[in-house]
Amino acid sequence: MGVHLGSIFDSAIKNTLFKDKSVLQTNYSPESIPHRDKQIEQVAGILAPVLRGERASNLFIYGKTGTGKTLSVQYVKNELLKKAEQLGVNLRIEYLNCKLKKVADTEYRILAALIQQLGGEISATGLPTDQVYNKFVQMIDSKKQVIVLILDEIDQAIKKMSDSFLYSLTRLNSELSQAQISLIGISNDVTFLENIDPRVRSSLGEEELVFPPYNALQLQDILNERSQCSFKEGVIDEGVVAKCAAFAAREHGDARRALDLLRIAGELSEREANNKVDLKYIDLANEKIERDKILDIVETATKQFQLILYSILSLTKNKKVPEMFTGDIYNLYQETCKRTKTEILTQRRVSDIIAEIDMLGLINANVISKGRHGRTREIKLSIPLQLFDKIEAILIESLGL
DNA sequence: AGGTATTCACATGAAACTATTCTCTGAGTTAGG
DNA sequence: TAACTCAGAGAATAGTTTCATGTGAATACCTGT
């Protein structure tokens, strides 16, 4: 370690740019949520009956990532709880993110997690699901109360299990003698409700609400507000916020993305011991996000995926033309498999994996017909050049070539 | 020349197979009464 | 005796193979001029 770490540490300690970086981090919840007034009012309006001790309608909320769904619902939740306390109403609102792996991505785990949140205890495994379910019902029904269950990202959970779980949840009220329960489902996938049991659909979607993406101007407002709390005065150059907003607006109005962009731009600038964040750091941040995403995909992919990607990389390197076809890849892939002593998959499967790589945006594949010479995918690598070597290194390392 | 029939090299679908993970059940164990 | 634990049976799941069918246009093959 003959490097001069001193200066790096020094500039990190000085922390020249940020006042409070956590404001830009994804788990931060601001006290005001710009441009979501209408949605918040609607959610509050739908849930308001719980303050009278009555059941509220089930609610289903859609919207792309970073449109403020979770934030808004949490906000309403807190306000309702405050109000309920004033009024002395017995109200419980439980929030559960179904996407968290190993916590809440199966029927059993969701129930177990809910029981825990309600103050019960449950062993992590070993009990039949319906027993857990009964315990859950008992806990809820133990006293007169109103319960609101917020299930965030249920689309993720339902993909993994049958929709009978949701059905029984929606039917819960008929099993309860004392308590009352309402469900709020939150989903990123707009088409989610379309492919589930219509009975569930009608009861879960008693009320539906759509959170539209933010446009560039709205994103600017959000960024301005947050950057004031997070950055020191005058650190942000003219136009930086606007550019962040514009970038993120292009990517389906994702506010989270916009905030990441701003934060990373700040970090990059700080790392270079600057006392300002100027426009070029937005570009750098954007590249970094993209780069990290790609590297993460490559690193965490399966062996077979990596093998095929590696074959594509090699072909790109050895040929003058950037295009190649499924057959070329498959041939080289077979050889690579032999070299690494890996099982060779069928062409059918390789074809699917190539399609997956395409979906992830690492390559650009189009089905074309070459007439007499058949029909195939025309494939071009579409990762940034600077990443080529790095990715190749990762693959070689991981495949033991 | 103009039309149509073939043919290639895969794509795309459906079903079956397989290994691994999850869920569930009952036997055995423990601890408290 | 009730509660708990744990191994193994059975079900669910993901990744893959097998079999079957589909596809667009360059090229081969006609056909009548």
Side-chain angles (χ1 to χ4, degrees), chain A residues 96 98-116 119-139 153-169 195-197 297-312 315 319 321-338 340-360 362-381 398-399:
Chain A
L96 186 66
C98 305
K99 200 180 68 181
L100 300 174
K101 284 240 153 64
K102 302 287 170 197
V103 178
D105 61 350
T106 70
E107 189 172 338
Y108 185 95
R109 288 184 188 139
I110 289 178
L111 286 171
L114 285 174
I115 288 175
Q116 272 185 3
E121 281 181 31
I122 198 83
S123 54
T125 172
L127 292 162
T129 306
D130 54 344
Q131 205 166 312
V132 181
Y133 183 78
N134 287 335
K135 175 152 187 184
F136 175 62
V137 173
Q138 275 172 29
M139 289 200 64
E153 317 209 28
I154 21 176
D155 46 338
Q156 300 290 324
I158 300 306
K159 243 185 260 167
K160 298 211 132 204
M161 55 201 201
S162 73
D163 47 12
S164 65
F165 171 64
L166 268 188
Y167 182 64
S168 41
L169 270 187
N195 0 311
I196 59 175
D197 191 327
I297 291 171
V298 174
E299 268 167 22
T300 59
T302 62
K303 277 261 168 331
Q304 297 292 353
F305 187 105
Q306 292 182 336
L307 275 166
I308 293 167
L309 186 58
Y310 178 75
S311 306
I312 297 175
L315 279 175
K319 293 219 297 192
V321 272
E323 295 86 21
M324 64 194 80
F325 307 104
T326 306
D328 306 337
I329 295 170
Y330 190 62
N331 289 336
L332 182 58
Y333 159 78
Q334 279 177 304
E335 282 175 35
T336 320
C337 277
K338 275 181 205 148
T340 56
K341 195 81 182 64
T342 323
E343 277 189 273
I344 301 173
L345 297 182
T346 47
Q347 182 164 291
R348 178 70 188 81
R349 175 92 262 260
V350 171
S351 177
D352 277 350
I353 292 179
I354 290 176
E356 282 170 34
I357 300 180
D358 184 29
M359 292 299 286
L360 289 170
L362 301 189
I363 59 175
N364 197 320
N366 291 311
V367 185
I368 55 156
S369 176
K370 294 193 290 169
R372 204 80 220 284
H373 305 290
R375 215 167 115 80
T376 182
R377 281 202 178 85
E378 187 185 57
I379 295 152
K380 258 195 307 192
L381 200 59
S398 151
L399 296 169

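Owing to the predicted nature of the structure, the values given are computational and were not obtained by experimental measurement. Chain letters run A, B, ... following the sequence lines, proteins first, then strands; residues in each count from 1.
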Nearest 0.5 Å please: distance from the [atom1] atom of [X] over to the [atom2] atom of [Y].
X	Y	atom1	atom2	value
A:Ile353	A:Ile308	CD1	CD1	4.0 Å
A:Leu307	A:Leu345	CG	CG	8.5 Å
A:Leu399	A:Tyr310	CG	OH	8.0 Å

Give the rounded distance in Å between these two atoms: CD1 of A:Ile344 and C1' of C:dG15.
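Nearest whole value for this atom pair: 17 Å.
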Send over the distance from A:Arg349 CZ to C:dC19 C1', rounded to a whole Å.
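Distance check: A:Arg349 CZ to C:dC19 C1' gives 17 Å.
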Summarise how protein sits on nucleotides 2-15 of chain B as a single string, 5' to 3': B when a protein heavy atom is under 4.0 Å from the base, S for sugar-phosphate-only contact, - for no contact.
----BBBBBSBB--
Listed partners of A:Phe325 passing ring-ring contact (aromatic ring centres under 6.0 Å, His included), at least two apart:
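Residues passing ring-ring contact (aromatic ring centres under 6.0 Å, His included) with A:Phe325: none at all.
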Considering all heavy atoms, the nearest A:Ala365-A:Ile379 contact:
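Smallest interatomic distance, heavy atoms only, reads CB-CG1, 3.8 Å.
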